Amino acid sequence: MISGIVFILILVGGAAIIIWYLKSFYAERANRAEKAEEHRSKHGGEYILEWNGNLASGAPDAEFGKLVVEVSKKRGDGAAHFYEKGLVLEKKRLPYSEIKDVIFVAATTDTKFTLKQAARDMGVLWIYPKKGATIGLREMSYQFDNEIMEKIKQGLGF
């Protein structure tokens, strides 16, 4: 009898914790979407990367405008190009109007002794398009700078 009551209390408590977590997750997501919409309305309905720092040197894109930030790969040729109105990553072209969310996980500067620590402390900028696969700019592959990645996230309004 008592073990049944304890089991029911554990189930109810677990359900309450899951519901609380999901509500807070979706509230934060809605808040980021609202900020992005405010950002868009400031620019006359266009999704534009706001940037206060120095602009990258490079040719403008016919569709996305001037080059704002370039994040180079660590090995080999290639880079992620953030233009005024869109992102070009290898063969992917993504206008900012097609982004539904951007999340930044900062890289830690602690010394990493194992592969597990390196993977856990790796920085990544997650870009969630409305359609298609998620894009992740990872510290493992790109010249990662926490400050620049945070500015990109905020410059997109998220």
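Fair warning: this is a prediction, and the values are worked out from it, not measured in the lab. When a residue number appears, it is its place in the shown sequence, counting from 1.
- In this structure, the side chains of Leu94 and Ile127 come closer than 4.5 Å at one or more pairs of heavy atoms.
- Residues forming a salt bridge (Lys or Arg N to Asp or Glu O under 4.0 Å) with Arg93 (at least two apart in sequence, or on another chain): Asp61, Glu63.
- Annotation: the span from Lys85 atom NZ to Ser97 atom OG amounts to 10.5 Å, rounded to 0.5 Å.
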Item to check | Chi angles and distances behind the side-chain contact (heavy atoms from CB on, under 4.5 Å) call for Met149, Val71 | outcome: CA-CA 9 Å; Met149 297 300 174; Val71 181; 3.7 Å; yes
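- Taking both residues in full, the closest heavy atoms of Ala80 and Leu89 are given as CB-CD1, 3.6 Å, listed atom of the first, atom of the second, then distance.
- Separating the CD atom in Gln154 from the CG atom in Leu49 is a distance of 11.5 Å, to the nearest 0.5 Å.
- For the pair Leu125/Val102, a side-chain contact is recorded, criterion being any heavy-atom separation below 4.5 Å from C-beta on.
- With Lys66 contributing its side chain and Ala56 its backbone, the two residues share no donor-acceptor pair below 3.5 Å.
- Note that CG of Leu87 and CD1 of Ile152 are 9.0 Å apart. Values are rounded to the nearest 0.5 Å.
- Taking hydrophobic clusters as Ile, Leu, Val, Met, Phe, Trp and Tyr residues chained together by side-chain heavy-atom distances below 4.5 Å, Leu9 does not share a cluster with Ile18.
- Considering CD1 of Ile103 and NZ of Lys153, their distance stands at 8.5 Å, rounded to 0.5 Å.
- For the pair Trp126 and Arg138, the tightest heavy-atom approach, listed with the atom from each and the gap, is CH2-NH2, 3.1 Å.
- Under the 30°/60° scheme for interplanar angles, the aromatic rings of Tyr83 and Phe64 are found to be tilted.
- The cluster map of Ile, Leu, Val, Met, Phe, Trp and Tyr, joined by side-chain heavy atoms under 4.5 Å apart, puts Val88 and Tyr96 in different clusters.
- Atom OH of Tyr128 is separated from atom CD1 of Ile99 by 12.5 Å, given to the nearest 0.5 angstrom.
- A distance-only check finds a donor-acceptor pair linking the side chain of Lys74 to the backbone of Glu139 [under 3.5 Å].
- For Asn146 (side chain) and Ala106 (main-chain N/O), no donor-acceptor pair under 3.5 Å exists by modelled atom type.
- Atom NZ of Lys131 sits in a sparse spot, with 12 or fewer heavy atoms from other residues, nucleotides or ligands closer than 6.0 Å.
- Linking Ile, Leu, Val, Met, Phe, Trp and Tyr whenever their side-chain heavy atoms come within less than 4.5 Å puts Phe158 and Val69 in one cluster.
- Counting only distance, with no hydrogens or angles, the side chain of Trp51 and the backbone of Asn54 share a donor-acceptor pair below 3.5 Å.
- Ser24 places a side-chain N or O within 3.5 Å of a backbone atom of Tyr21 that can act as its donor or acceptor partner.
- No path of Ile, Leu, Val, Met, Phe, Trp and Tyr side chains, each step under 4.5 Å between heavy atoms, connects Leu137 with Val124, placing them in separate hydrophobic clusters.
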Next on the checklist: side-chain contact (heavy atoms from CB on, under 4.5 Å), that's the test. Do Lys23 and Glu28 meet it? Break it down for me.
Outcome noted: CA-CA 9 Å; Lys23 285 179 80 174; Glu28 177 63 27; over 6 Å; no
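- Residues Met122 and Ile135 do not share a hydrophobic cluster, defined by chaining ILVMFWY side chains whose heavy atoms lie under 4.5 Å apart.
- The CD atom of Glu50 sits 10.5 Å away from the CD atom of Glu84 when rounded to the nearest 0.5 Å.
- Residues Ser72 and Ala79 come closest through the heavy atom pair CA-CB, 3.8 Å.
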